[in-house]
Amino acid sequence: MKGKLLYLIIFSLVIVTISEFIGFQAIKIGSFTIGLLPLVFAIVITMILGMQTFRKGIFKKVYSKGNIEFASKYLIIIMLPLMARYGADVAPKLKEIISIGWIFLFQEFGNLGTVIFGLPIALLIGLKREAIGATLGIGREGELAYISEKYTLESAEGRGVLSLYIFGTLFGSIFFSILAPILLDLGFRVEALAMASGVGSSSMMVASSSTLVARVPEMEQTILAYAATSQMLTSFLGTFTMVLLAVPLQKFMYSRLARRKK
Amino acid sequence: MSITKNQYVKYALIVLLSIGLILFTQEIKLIKNPESTPVTSMTYLGLAFLWLFSMVGIAVSDLSKKVPIKIIQDFPVLGWVSISSLIFCLTSDLFIEAIRAVDFLSITTPILTYAGISVADRLTDLRKTSWKIAIVAMFVFTGTYIGSALLAQMGFMFSGK
């Protein structure tokens, strides 16, 4: 297994090199400019090469069972230096952040947007109990734990949250690196979008805040500080927002909307 | 569940791998664009601090499991690392200066490389989901993001900033 790990490390160096040489690509679609960072190329290339059809020869060694396990088990540890970096961005801004602390708390309620925007659409296209699991939150560990405790993962609600989890894991960071610049072009303030980046999933937060940094480099420190603070706040308050607000709101909306449909 | 000495060694090596990858990425970025953040002795010091604070965060997270309060036990190790680093950075500007000599975007590329590899076996799980969930997912992600952004934007307007 140790030998194969070497393949993984060398492979990752090659992917980093390729992604960095492709570099930051700004794609104009109408009046929107979507900026694709090397990190997007890195995740797209590794996902494509990971498909079963490519797993021959050298790729079979790179994408061995042990290596994929290593990557998923220790991804969190690999991310730690990034989280440590956020500390250095927040520290000089701490006074400023505390002075507008109420805005940070206020925007946490925006996380209810998953229910408000998601639930009507889910019911409209014909989902039923799956919608409960799929719209309670962004489908990360917190929602997964809550739904599995209350309904089990084999239930319709469980299928909903699991599907969302899979989607978020695979496409979350790509999605947010496209969404963030679009909203910037729509006229949102970069500070507001930085705060919104703390959605509760680290990879989504990274994708969103990095893209904002690439678009507005002179605000780098503020963007990273706000995103990291909001992310920490969501980690602390997320469970409360979900249980005390999202769950009752979802129940209320579900019963209203489901009844109207009949 | 407390972390054994062996696991600490393992984590220490993986974090070392991670900062090695960051350094590599920053060097590659410099070859592509000589104008990007240079690698100086401060960068090396910054990487050392990132390694150290990561390890401190792991230890704090380990200790937090002994606190009989659920919200503290459930707080992710990622958060503990940020908090530990923040506390160190509040004590001295040297930490901040050194860490900021590490290019931010160079930290992100290797992480997403490993994220991509880690999901390789889950691509087949997509068959278990449906196009309906894909649509809902887009609205759910957009919903939380726009929801927070709107409230934050309003907050800034009210406070006159």
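Sequence lines set the chain letters: A, B, ... in the order given, protein chains first and strands last, and positions in each chain run from 1. Computed from a predicted structure; not experimentally measured.
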Q) Around B:Y44, counting heavy atoms of other residues, nucleotides and ligands shown, do more than 12 lie under 6.0 Å from its OH? A) no
**Q.** Contact winner vs chain A - B:F88, B:F49, B:F104, heavy-atom pairs under 4.5 Å
**A.** B:F104
Q: Please report the closest heavy-atom contact between B:G143 and A:F117, naming both atoms and the distance.
A: CA-CD1, 3.6 Å
Q. For B:L50, is it the side chain, the backbone, both, or neither that has a heavy atom closer than 4.5 Å to a heavy atom of chain A?
A. both
Q. Where the side chain of A:S235 meets the backbone of B:F75, is there a donor-acceptor pair that is under 3.5 Å apart?
A. no
**Q.** Heavy-atom proximity to chain A below 4.5 Å, by part of B:A98
**A.** neither
Q. Going by heavy atoms in the side chains, are A:E220 and B:R100 under 4.5 Å from each other?
A. yes
(Q) Below 4.5 Å, heavy-atom pairs only: which of B:S82, B:G79, B:G147 has the largest tally toward chain A? (A) B:S82
Q: Keeping the roles fixed (side chain from A:R189, backbone from B:F156), state whether a donor-acceptor pair exists under 3.5 Å.
A: no
(Q) Counting only non-hydrogen atoms closer than 4.5 Å, does A:F176 touch chain B with its backbone (N, CA, C, O), its side chain (CB onward), both, or neither? (A) side chain
Q.
As an exercise, state the distance from CZ of A:F109 to OG of B:S148, rounded to the nearest 0.5 Å.
A. 11.0 Å
Q. By a 4.5 Å heavy-atom criterion (distance strictly below it), what part of A:A194 contacts chain B: side chain, backbone, both, or neither?
A. neither
Q. With only heavy atoms counted, which part of A:R55 is less than 4.5 Å from chain B, the side chain, the backbone, both or neither?
A. side chain
Q | Heavy-atom pair count under 4.5 Å with chain A, highest-scoring of B:I96, B:T113, B:V136 | A | B:T113
Q. Between B:I28, B:I117, B:I99, which shows the greatest number of heavy-atom pairs under 4.5 Å with chain A?
A. B:I117
Q: Compare every heavy atom of B:T108 with every heavy atom of A:S210, then report the nearest pair and how far apart it is.
A: OG-CG2, 3.7 Å
Q) What distance do A:Q52 atom CD and B:T124 atom OG1 have between them, rounded to the nearest 0.5 Å? A) 7.0 Å
Q.
Applying the side chain to side chain contact (heavy atoms under 4.5 Å, CB included) criterion to A:M79, which one of B:V81, B:L78, B:V77 satisfies it?
A. B:L78
Q) Does any heavy atom of chain B fall under 4.5 Å from the side chain of A:S203, the backbone, both, or neither of them? A) neither
Q) Does the side-chain contact (heavy atoms from CB on, under 4.5 Å) test come out yes or no for A:V16 and B:F24, once each step is laid out? A) CA-CA 9 Å; A:V16 164; B:F24 176 82; 4.1 Å; yes
Q | Part of A:F54 within contact of chain B (heavy atom distance under 4.5 Å) | A | neither
**Q.** Region of A:I22 that comes under 4.5 Å of a non-hydrogen atom in chain B
**A.** backbone
**Q.** Residue part contacting chain B, namely of A:L224, when any heavy atom lies under 4.5 Å
**A.** side chain
Q: Would you name the heavy atoms of B:G116 and A:I43 that are closest together and state the gap between them?
A: CA-CG1, 3.7 Å
Q: Pick one of side chain, backbone, both or neither for A:I68, based on which atoms fall under 4.5 Å of a heavy atom in chain B.
A: both
(Q) Can you tell me which portion of B:P76 sits under 4.5 Å from chain A's heavy atoms? Options are side chain, backbone, both or neither. (A) side chain
Q | Side chain, backbone, both or neither of A:L75 within contact of chain B (heavy atoms, under 4.5 Å) | A | side chain
Q.
What verdict does the side-chain contact (heavy atoms from CB on, under 4.5 Å) test give for A:S72 and B:R122, after you've listed the backbone C-alpha separation in whole Å, the side-chain angles of each residue and the deciding distance to 0.1 Å?
A. CA-CA 11 Å; A:S72 51; B:R122 289 200 225 147; 4.3 Å; yes
Q: Examine whether an atom of A:I45 lies under 4.5 Å from a heavy atom of chain B, and if so say whether it belongs to the side chain, the backbone or both; otherwise answer neither.
A: neither
**Q.** Proximity breakdown for A:S230 and chain B, heavy-atom pairs closer than 4.5 Å
**A.** neither
Q: Test A:E20 against every option in B:T109, B:N33, B:T25 by the side-chain hydrogen bond (donor to acceptor under 3.5 Å, both in side chains) rule and name the one that passes.
A: B:T109
Q. Roughly how far, to the nearest 0.5 Å, is the CD1 atom of A:I174 from the CG atom of B:L112?
A. 8.5 Å
Q: To the nearest 0.5 Å, tell me how far A:M232 CE sits from B:W80 CH2.
A: 11.0 Å
Q: Please report the shortest heavy-atom distance between A:A192 and B:Q153, naming the atom on each side.
A: CB-OE1, 3.6 Å
Q: Please work out whether the ring planes of B:F141 and A:F175 are parallel, tilted or perpendicular, with thresholds of 30° and 60°.
A: tilted
Q) Where on B:L17 is there a heavy atom nearer than 4.5 Å to chain A: the side chain, the backbone, both, or neither? A) side chain
**Q.** chain A contacts, top residue of B:V119, B:I58, B:I133 (heavy-atom pairs, under 4.5 Å)
**A.** B:I133
Q | B:S118 to A:A71 - nearest heavy-atom pair and separation | A | CB-C, 3.6 Å
Q: Could you look at B:T142 and say if it's the side chain, the backbone, both or neither that has a heavy atom under 4.5 Å from chain A?
A: both
Q: Find the distance between CD1 (B:I22) and CD1 (A:I78) and round it off to the nearest 0.5 Å.
A: 10.5 Å
Q: Evaluate the side-chain contact (heavy atoms from CB on, under 4.5 Å) criterion for residues B:I71 and A:T239: first the C-alpha distance (whole Å), next the side-chain angles of each, then the deciding distance (0.1 Å), finally the verdict.
A: CA-CA 9 Å; B:I71 176 175; A:T239 320; over 6 Å; no
**Q.** From CA spacing to verdict: side-chain contact (heavy atoms from CB on, under 4.5 Å), B:L151, A:I103
**A.** CA-CA 8 Å; B:L151 294 181; A:I103 303 182; over 6 Å; no
**Q.** Heavy-atom proximity to chain A below 4.5 Å, by part of B:M154
**A.** side chain
(Q) I'd like to know if the side chain of A:T114 and the backbone of B:T144 have a donor-acceptor N/O pair within less than 3.5 Å. (A) no
